[in-house]
Amino acid sequence: MSDRLSPCEPDSAGRPMDSPLHFSPDAPAGPLLGGGADREGGLDQRRRAGTGPSEADSDGSATARAALLGEEAGGEAGGHLRGDPPAQLSAVDLKKNYQKGPVVIPVLRGVSLSVREGEMLAIVGKSGSGKSTLLHLLATLDVPDAGEIYFDGQRVDHLAGLERDALRNGYLGMIFQFYHLLPELTTLENVLMPLMIGENVWGYVRRRRQLRQTAAGLLEMVGLGHRLRHRPRELSGGEMQRAAIARALVGNPRILLADEPTGNLDFASGREILELLHRLNAERKLTIVMVTHDPSIAEQADRTIRLVEGQLEPGAGPARL
Ligand code: ADP
Ligand code: MG
């Protein structure tokens, strides 16, 4: 069993110890996750070895990948301009079908995008256009039928279960329209849950006090310091979403993925949640990818991309920062 350090304790270089590039010694060490390599070093090594995203390939998609990873000019709807820093999160030509009996439903028909560190990106589109499907693929909660996903230039979509879980837990936080809090647990316990799962039992018991302080601190930060012992049914919708945001942050993620985070809230509560997300983006430099069907919410993001019939509408252009 692993004996992980607190995800909230930075290492000497200021990286969170829970970073996917900073695994515990017994974490599965795949080709992309070889223990302890720093971000640039790991990527450079793969480039030298010809296994990274710059590798030339026969179908010419290396150019598209390079563009989306920020290595070349990116003319794609989801891309950036030459000179931008390398993408933190990129997707290349994602395809996803669902099968309903004998009928195949194509949902994503080749979606490519890149998100750079600290950006707030809104994904908009009609109901059923594939927004949640895309977000789940980016979150590695589901696998694409075709295409590739990279975090910091490291391909992640084809990792096996445990590696993917470890990477996701250290890298991503997720919030949903309906919060997905566990009803039997208090607010504090809900926020602690990802840490309980990430720790072995003894590690958790030994560091319980510190982890509880971390969770309580996050709840304080989202304005729920006075609701630690309440259960979800005793909270308003806005409070539940704030608890869900605290839970998403407890693993010290680099990217927050939000699926209609205000979709179930009244106007005032929705505005508070958005303000909180903007604060996290501005103060913690947290990258945020947010699905919304509300144009007034999308307008507040740095950049908006629109899904139409499983593809990105052209012309969404580079970030306007
Ligand atoms: P959005 O979030 O934009 O409303 P979704 O990504 O949830 O859209 O869904 C896109 C399409 O895929 C819809 O037509 C939906 O019915 C279908 N779909 C989503 N999930 C599944 C599933 N698990 N099985 C079959 N069809 C699905
Ligand atoms: Mg949806």
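Whatever order the structure lists ligands and atoms in, that order sets their numbers, starting from 1.
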Closest protein heavy atom (residue, atom, distance) for [atom]:
{"atom": "atom 8 (O) of ligand 1", "result": "G130 N, 3.3 Å"}
{"atom": "atom 27 (C) of ligand 1", "result": "Y98 CD1, 3.2 Å"}
{"atom": "atom 5 (P) of ligand 1", "result": "T133 OG1, 3.7 Å"}

I need the atoms of ligand 1 closer than 4.0 Å to a non-hydrogen atom of K126, numbered in the order shown.
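Here the atoms of ligand 1 in question are 3 (O).
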Please check if the number of heavy atoms outside E234 that lie under 6.0 Å from its CD is greater than 12.
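More than 12 within 6.0 Å, yes.
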Heavy-atom nearest neighbour of [atom] within options [options]:
{"atom": "atom 3 (O) of ligand 1", "options": "Q177, K131, Q99, K96", "result": "K131"}
{"atom": "atom 4 (O) of ligand 1", "options": "G128, S129, S132", "result": "G128"}
{"atom": "atom 12 (O) of ligand 1", "options": "I105, L134, L137, V107", "result": "V107"}

To the nearest 0.5 Å, what is the distance between CD (Q300) and CE (M120)?
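Taking CD in Q300 and CE in M120, the distance rounds to 8.0 Å.
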Any non-hydrogen atom of G125 lying under 4.0 Å from ligand 1?
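The answer is no: ligand 1 sits nowhere under 4.0 Å from a heavy atom of G125.
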Less than 4.0 Å is my threshold; does some heavy atom of H293 fall inside it relative to ligand 1?
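Distance cut 4.0 Å: H293 fails for ligand 1.
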How about M290 and L274: do any of their side-chain heavy atoms sit closer than 4.5 Å?
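Yes, their side chains come closer than 4.5 Å.
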Could you tell me whether the side chain of F151 reaches within less than 4.5 Å of the side chain of T140, counting heavy atoms only?
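They are in contact (side-chain heavy atoms under 4.5 Å apart), so the answer is yes.
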Can any side-chain N or O of [X] pair as donor or acceptor with the backbone N or O of [Y] at less than 3.5 Å?
{"X": "Q210", "Y": "R207", "result": "no"}
{"X": "Q241", "Y": "P261", "result": "yes"}
{"X": "N281", "Y": "G118", "result": "yes"}

Might you check, step by step, whether the distance between atom 16 (O) of ligand 1 and some protein heavy atom is under 4.0 Å?
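Within 4.0 Å of atom 16 (O) of ligand 1, no protein heavy atoms are found.
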Protein heavy atom under 4.0 Å of atom 10 (C) of ligand 1:
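For atom 10 (C) of ligand 1 the answer is yes, since some protein heavy atom falls inside 4.0 Å.
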Taking 2.8 Å as the cut-off, does an N/O/S atom of S132 lie below it from the Mg ion (ligand 2)?
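Under 2.8 Å: S132 contacts the Mg ion (ligand 2) through an N, O or S atom.
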Just one of E275, K285, M221 clears the side chain to side chain contact (heavy atoms under 4.5 Å, CB included) bar with L280, so which one?
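Result: among E275, K285, M221, M221 is the only option passing the side chain to side chain contact (heavy atoms under 4.5 Å, CB included) with L280.
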